[in-house]
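Atom set for the values below is all heavy atoms of this structure, side chains included, hydrogens, waters and symmetry mates excluded.
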Amino acid sequence: MSVHAPIAAIATAPGRGGIGVVRVSGADLSELVRRLFQRELTPRHAHYLPFKAVDGELLDEGIALYFKGPHSYTGEDVLELQGHGGPAVLRRVLDSCLAAGRDLGLRLAEPGEFTRRAFLNDRMDLAQAEAVADLIEASSVAAARGAMASLSGEFSARVNDLSDRIIHLRMLVEATLDFPEEEIDFLEKYQARPTLEKLAGDLGHLIAQARQGVILREGLHVVLAGQPNVGKSSLLNALAGDDVAIVTPIAGTTRDKVVQQIHIDGVPLHIVDTAGLRETEDTVESIGIARSWQEIERADVILHLQDATQPGDELDAQITARLPPRTPVLKVFNKVDLLSTAFTAGPGELGISAKRGAGLDALRAELLQIAGWNPGAESPWLARERHLHALQEAAEHLALAAEHAEQDDRVLDLFAEELRLAHDSLSSITGKFTSDDLLGEIFSSFCIGK
Ligand code: GDP
Ligand code: ZN
């Protein structure tokens with residue numbers, strides 16, 4: 001599949017809307033434009049035109065926008081046809097473009113291919129390209145704000161600043177390596193140690209921010225576990241009901257599992273309500289219970305719900321024993337409103353009333369803390385696991401470089417090598433060093449038409 005062929009796709013979401021957009025990108029679209037409209041289009045002017053099939057049938061009328069490369073989203077020629085936003089009409093406009101451009105090599109775009117071209121044509125770096133997808137995916141105001149900060153290059157600028165400082169130090173070392181007699185006082189002469197220390201400190205700060213950015217993007221998978229009737233569904237509803245952000249209920253794959261996305265402080269929480277865990281002879285129910293355990297295995301946090309009015313029993317002890325040892329577990333005692341005396345919580349325990357809403361704020365705060373969210377931290381840009389990993393890798397190489405700098409025999413070439421590796425790690429974030437595999441992985445998760 002040619003990476004240079006012109007591509008086309010419906011750019012707006014599937015479904016019906018006031019407007020729908022078909023987008024085409026290619027090195028030179030002037031011939032396609034002539035074929036579609038029997039005229040030329042002035043770049044960046046809105047043209048109100050009929051959209052016709054190859055045989056002349058009128059499909060729609062709308063606005064055609066033509067951007068001459070490199071002044072476009074992809075850096076190539078881009079044509080945008082804004083018509084009525086219905087699936088059939090858009091499909092027909094797209095098909096007429098594909099038919100008119102078939103012998104020009106025009107084909108359907110793959111997911112993320114427009115943005116991939118924008119990246120390859122240096123319209124944006126890789127972290128910004130990822131932010132495009134994250135902005136589209138953002139489900140809370142905080143996440144959208146963070147994605148926009150990344151898209152505008154705030155995160156990249158911080159990474160580039162560190163990169164530049166490492167490059168500068170590398171230049172000095174490599175120049176010294178060419179004159180072995182100067183190696184002895186390189187570290188003093190260029191204040192390499194304090195420079196490195198400052199770099200490591202700034203990188204550490206960036207890592208802390210990226211960690212916040214990752215939490216904001218990925219959120220937390222919270223699983224509600226416990227016996228039937230302890231109030232799992234009631235708790236899910238109580239948490240979701242108070243969610244002032246956008247709530248997207250997703251019907252589970254089974255009737256036993258419901259996933260609800262809620263937000264606390266803008267942090268997305270994917271809350272899974274499971275089938276009550278108990279011994280059962282019923283086949284359907286036992287399938288549900290098996291699925292519950294699968295969810296529990298995948299959880300970031302488990303809320304083990306118990307009925308505060310019932311003494312803990314054998315089954316709860318069995319559930320506790322079976323929970324994955326490395327996953328944080330909060331023991332939540334529900335229905336405290338039924339108690340005649342105040343509930344006293346031990347460590348790792350919380351008393352709540354899903355029905356009355358009591359104790360929910362404490363529960364929310366506890367969840368954020370387990371997620372590693374620091375509510376007082378400066379508002380971050382969105383980041384991905386991949387970025388965090390690269391930053392941590394860079395930090396490890398800087399630490400090794402510092403170790404070499406401490407040694408008496410001045411192993412400058414090892415010092416230089418660690419700086420190079422740190423630099424490579426940082427470069428992978430903005431995409432200066434990337435494999436096709438990584439690009440494929442990143443862009444294939446985009447939606448079609450972006
Ligand atoms: P699940 O089977 O664990 O999902 O439990 P449900 O959420 O369906 O609740 C079981 C029963 O407990 C329902 O009748 C709820 O109204 C009741 N319930 C849930 N939470 C509370 C609570 O905090 N206080 C009281 N008094 N009843 C509750
Ligand atoms: Zn339930």
Query - ring pair (Phe, Tyr, Trp, His ring centres under 6.0 Å): pairs with one or both residues in residues 209-230, sequence neighbours excluded - result: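 Residue pairs with at least one partner in residues 209-230: His221-His270.
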Query - His47 atom NE2, over 12 foreign heavy atoms within 6.0 Å - result: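 For His47, atom NE2 is crowded (more than 12 foreign heavy atoms under 6.0 Å).
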Query raised in the report: Can you find a heavy atom in the side chain of Leu216 that is under 4.5 Å from one in the side chain of Arg145?
Result: no
Query - Test item: Asp300 and Val223 side chains (from C-beta on) under 4.5 Å apart, heavy atoms - result: no
Taking only residues two or more places apart in sequence, or in another chain, which ones meet [X] in a side-chain hydrogen bond (donor to acceptor under 3.5 Å, both in side chains)?
X	answer
His168	none
Asp313	Gln227
Asn229	none
Gln128	none

Below 4.0 angstrom, N of the basic side chain to O of the carboxylate: do [X] and [Y] qualify?
X	Y	result
Glu295	Arg291	no
Asp134	Arg384	yes
Glu385	Arg217	no

Query raised in the report: Who are the ring-ring contact (aromatic ring centres under 6.0 Å, His included) partners of His387, not counting sequence neighbours?
Result: Phe155
Less than 3.5 Å apart, which donor and acceptor atoms pair up between the side chains of residues 443-450 and the rest of the protein, not counting sequence neighbours?
| from | atom 1 | to | atom 2 | distance (Å) |
| --- | --- | --- | --- | --- |
| Ser444 | OG | Gly440 | O | 2.9 |
| Ser444 | OG | Glu441 | O | 3.3 |
| Ser445 | OG | Ile442 | O | 2.9 |

Query raised in the report: Going by the side-chain hydrogen bond (donor to acceptor under 3.5 Å, both in side chains) test, which pairs reach into residues 391-402, not counting sequence neighbours?
Result: Glu393-Ser425, His397-Glu418
How would you list, by chain and number, every residue that makes a side chain to side chain contact (heavy atoms under 4.5 Å, CB included) with [X], sequence neighbours excluded?
X	result
Arg165	Asp161, Leu162, Lys198, Leu199, Asp202
Ala200	none
Leu419	Ile166, Leu169, Arg170, Val173, Leu196, Leu398, Ala401, Phe415

In residues 339-360, what donor-acceptor pairs under 3.5 Å come from side-chain atoms, sequence neighbours left out?
| from | atom 1 | to | atom 2 | distance (Å) |
| --- | --- | --- | --- | --- |
| Glu349 | OE1 | Gly346 | N | 2.9 |
| Ser353 | OG | Asp337 | OD1 | 2.8 |
| Ser353 | OG | Arg356 | N | 3.0 |

